[in-house]
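First the structure, in the form of structure tokens, and then the observations on it.
Because the structure is a prediction, the values reported are computed rather than measured. Letters go in sequence order (proteins before strands), and every chain restarts at 1.
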Protein chains: 2
Amino acid sequence: MELDERKLKILQGIIRNYLDTGEPVGSRTISKYTDLNLSPATIRNEMADLEELGYIIQPHTSAGRIPSDKGYRLYVDNMMKEKEQELKEKEKEVDDMREFLNEKVDKVETLLKNMAKMLANNTSYAAMISAPSIHKNRLKFIQLSQVENHKMLCVMVLEGNIIKNKIIDVNEEIDNETLLKLNILFNSNLNGLTLEEINLSIISKMNGQAGAQLDLARSVLDAVAEAISSEDNLEIYTSGATNIFRYPELSDSSRAKELISTFEEKQMLSSLVDRDDDNREIKVYIGEETPVKTMKDCSVITATYELEEGVQGTIGIIGPKRMDYEKVVDTLKEFKNTLDSVYKKKE
Amino acid sequence: MELDERKLKILQGIIRNYLDTGEPVGSRTISKYTDLNLSPATIRNEMADLEELGYIIQPHTSAGRIPSDKGYRLYVDNMMKEKEQELKEKEKEVDDMREFLNEKVDKVETLLKNMAKMLANNTSYAAMISAPSIHKNRLKFIQLSQVENHKMLCVMVLEGNIIKNKIIDVNEEIDNETLLKLNILFNSNLNGLTLEEINLSIISKMNGQAGAQLDLARSVLDAVAEAISSEDNLEIYTSGATNIFRYPELSDSSRAKELISTFEEKQMLSSLVDRDDDNREIKVYIGEETPVKTMKDCSVITATYELEEGVQGTIGIIGPKRMDYEKVVDTLKEFKNTLDSVYKKKE
DNA sequence: GTTAGCACTCTAACAAAATGAGTGCTAACA
DNA sequence: TGTTAGCACTCATTTTGTTAGAGTGCTAAC
């Protein structure tokens with residue numbers, strides 16, 4: 001059996017309608033809703049076919065049809081494409097947004113929190129933003145200072161003015177001279193490098209220069225590596241988790257609890273964060289496709305943003321499977337563009 | 001009508017029972033449950049009195065009674081006192097906890113997040129911890145460095161090793177010498193002072209010393225003031241928000257949504273944060289008493305901890321009105337003690 | 001002051017019946 | 001051959017009625 005033009009139109013009708021109402025869609029509705037001018041009976045035949053093909057599902061015998069994951073997938077892949085244009089006209093908005101964001105925001109953290117909130121408000125779904133992963137990011141400089149007797153503060157500034165602090169416990173006393181020396185040592189060797197580039201050869205080279213402060217230098221190096229790379233370093237901001245209560249199919253206690261827990265334990269979202277930079281597409285996960293098992297009744301759309309060259313993070317929307325894919329994709333593109341340019345254009 | 005011994009005992013019985021079961025308590029139950037050896041009929045008479053006095057409520061005619069806010073209040077104020085002892089024996093636990101916490105925790109932030117999680121797990125209610133309010137906190141030192149051409153990084157370390165960063169936009173070029181001078185200027189004038197003490201007289205004194213860099217110094221000072229004092233600086237960590245789903249009386253969609261939104265928008269919890277240091281008691285808010293309106297169906301228990309002299313924050317538990325007050329108060333005391341000592345004993 | 005007894009109330013649980021949306025199938029039609 | 005009207009059927013939802021049980025308040029007796 002083939003998926004001809006007409007079946008496609010009917011499927012589209014079913015999905016569009018279901019996105020609106022959240023209720024199973026019957027043949028009668030489609031008969032009126034589409035411009036095909038077919039009787040409900042004919043629609044029914046087609047629907048039976050569509051069901052056999054796996055695009056729609058009947059929750060129970062005497063109900064209308066709802067899209068299956070496969071149906072949504074088809075919809076997202078093929079039917080949405082038509083809308084690709086008209087993205088231009090939103091450039092203005094983006095500018096407005098950028099202006100607003102520039103005002104009060106000097107910390108990336110605050111920027112991202114705000115973005116998450118706006119994203120959730122704009123879409124009525126739940127939003128997440130991962131702080132840019134810095135493992136490809138370049139070190140701008142390091143500043144060591146003494147905090148108390150056996151404690152040093154190590155401030156690391158990364159490309160994009162992301163700041164990391166770490167307090168280092170050291171065994172020895174540190175005098176000012178040593179501190180100065182270490183500062184110079186680190187800054188002259190490490191600046192401008194990514195974590196990946198700070199590897200064995202460089203470390204051994206530094207070992208040679210460190211001289212008496214070898215131990216000290218090593219513990220600083222450890223700290224730097226840990227602060228920059230450590231897994232739990234992946235900050236994720238979320239907003240609008242409670243938006244799921246707008247959708248009855250996600251609102252029953254157990255489902256809601258599971259979902260909201262996922263947002264609370266933000267680490268559980270880390271599998272949504274895209275770490276490979278090759279693929280910059282917008283990704284749409286439908287139902288079972290999502291990497292987060294607790295979200296199998298949801299759809300997830302993610303995009304990768306880039307604050308500066310190599311400083312990438314992920315923004316995402318989590319909503320019901322019947323979410324407004326087109327709008328979300330558009331919104332996500334907008335936000336992605338804003339984030340992409342907020343720091344770059346500034347300069 | 002008086003609240004005699006017997007009525008008190010019956011009230012206590014009702015509350016205890018209701019805390020356990022969450023179901024309205026009938027006269028029959030109390031007749032068996034207490035050691036008063038009274039028939040259900042007698043109990044009924046007493047219950048009618050208790051209702052008239054406002055301590056208990058009948059959800060509907062043919063149901064048992066449940067405690068009113070006033071009833072809970074009486075219970076918390078009078079009946080719980082008996083348990084005051086036996087806090088000693090838990091000292092060991094506290095030590096264990098401290099050990100665990102010291103291990104991986106170098107940042108206060110991480111410490112508090114962990115504490116919140118433990119608190120929620122320990123109690124099965126929702127937990128919140130406010131980061132210590134630093135407005136009475138002392139500045140340990142300031143470190144200015146140049147990030148890019150017209151940007152300085154200002155790192156402030158406060159007593160308790162709380163670290164604040166701020167990137168400052170400046171108009172002029174800054175050379176190394178100026179930077180050094182400013183660093184010395186700030187550190188020699190501001191160190192060891194609270195924000196409140198950094199006031200006009202000091203600022204004017206500094207103005208005199210700043211010389212050519214007056215503008216620069218002023219913008220740094222602004223930044224310091226803003227970073228230290230700004231209102232939205234109040235960080236609050238929460239955990240276990242979804243625990244409310246354990247309690248049917250809080251689980252219906254609208255209530256749950258409201259509550260969980262409150263946890264998501266953590267600013268809404270700020271009214272629970274105790275800013276006046278005089279009163280270090282554990283506070284119990286029952287139902288309508290709580291300062292957060294969305295929590296009128298909950299009870300809230302808070303305590304103030306003190307990481308170091310003057311570095312105070314609030315820990316709190318939010319749960320159903322029928323929460324286990326005694327356990328929560330105990331647990332909160334424990335955690336408070338741990339936090340009170342975690343940094344102090346370390347030295 | 002306490003209690004047994006009783007009529008009464010109201011909820012929760014269950015079952016039966018009515019409703020209605022939607023289907024699949026067949027037969028007729030163009 | 002594709003389309004449609006008609007009809008019997010299915011099944012979730014809603015409505016209605018019934019019952020059981022928990023609990024009460026009140027009265028009268030102890």
Residues Arg16(B), Tyr75(B); criterion side-chain hydrogen bond (donor to acceptor under 3.5 Å, both in side chains); working and verdict: CA-CA 9 Å; Arg16(B) 288 257 159 81; Tyr75(B) 176 73; 3.2 Å; yes
Mind checking Thr61(B) for me? I need base, sugar-phosphate or nothing, with any heavy atom below 4.0 Å counting as a touch.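 Contact class for Thr61(B): sugar-phosphate only.
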Mind checking Ala63(A) for me? I need base, sugar-phosphate or nothing, with any heavy atom below 4.0 Å counting as a touch.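 Result for Ala63(A) = sugar-phosphate.
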More than 12 foreign heavy atoms under 6.0 Å from CZ of Arg28(A): is that the case here?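 Result for CZ/Arg28(A): open.
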Hey, does the side chain of Ser270(B) reach the backbone of Lys266(B) with a donor-acceptor pair shorter than 3.5 angstrom?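 Checked: no pair found.
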Is it true that a side-chain atom of Ser68(B) and a backbone atom of Tyr55(B) form a donor plus acceptor pair closer than 3.5 Å?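 Answer holds: yes.
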For the pair made of [atom1] in [X] and [atom2] in [N], what is the distance, rounded to whole Å?
X        : N       : atom1 : atom2 : result
Asp4(A)  : dT3(D)  : CG    : P     : 10 Å
Asn45(A) : dT1(D)  : CG    : P     : 15 Å
Arg44(A) : dC25(C) : CZ    : C1'   : 10 Å
Leu36(A) : dT4(D)  : CG    : P     : 10 Å
Ile43(A) : dT23(C) : CD1   : P     : 10 Å
Glu23(B) : dG21(D) : CD    : P     : 17 Å
Gln58(B) : dT11(C) : CD    : C1'   : 13 Å
Leu50(B) : dG25(D) : CG    : P     : 12 Å

Can a side chain N or O of [X] be found less than 4.0 Å away from OP1 or OP2 on [N]?
X        : N       : result
Ser62(A) : dC11(D) : no
Ser27(B) : dG23(D) : no
Ser39(B) : dT3(C)  : yes
Arg6(A)  : dT3(D)  : yes
Arg65(A) : dA21(C) : no

Applying salt bridge (charged side-chain N to carboxylate O under 4.0 Å, His left out) between Glu249(B) and each of Arg255(B), Lys321(B), Arg322(B), report the one that passes.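 Exactly one pass, corresponding to Arg322(B).
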Member of Glu52(B), Glu51(B), Glu23(B) meeting the salt bridge (charged side-chain N to carboxylate O under 4.0 Å, His left out) criterion with Arg65(B):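 Of Glu52(B), Glu51(B), Glu23(B), salt bridge (charged side-chain N to carboxylate O under 4.0 Å, His left out) with Arg65(B) is met by Glu51(B) alone.
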When rounded to the nearest 0.5 angstrom, what distance separates NZ in Lys9(A) from CD in Glu46(A)?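 Reported value, rounded in 0.5 Å steps: 13.0 Å.
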Run the side-chain hydrogen bond (donor to acceptor under 3.5 Å, both in side chains) test on Thr242(B) and Ser261(A) for me, step by step, so that the C-alpha distance in whole Å, both residues' side-chain angles and the decisive distance to 0.1 Å come before the verdict. CA-CA 6 Å; Thr242(B) 50; Ser261(A) 296; 3.1 Å; yes
Nearest-nucleotide wise, let me know which of Asn37(B) and Gly64(A) is further upstream toward the 5' end of DNA chain C.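 Residue closer to the 5' terminus by nearest nucleotide: Asn37(B).
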What nucleotide, of dC10(C), dT23(C), dA5(D), holds the atom closest to the side chain of His60(B)?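 The closest nucleotide is dC10(C).
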Nearest to the side chain of Thr42(A), heavy atoms from C-beta on, is which of dT3(C), dG25(D), dT4(D)?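 The answer is dT4(D).
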Where each pair must be Watson-Crick or G-U wobble with both distances under 3.5 Å, what dot-bracket representation of DNA chain D is obtained, with crossing pairs in [ ] and other-strand partners as |? ||||||||||||||||||||||||||||||
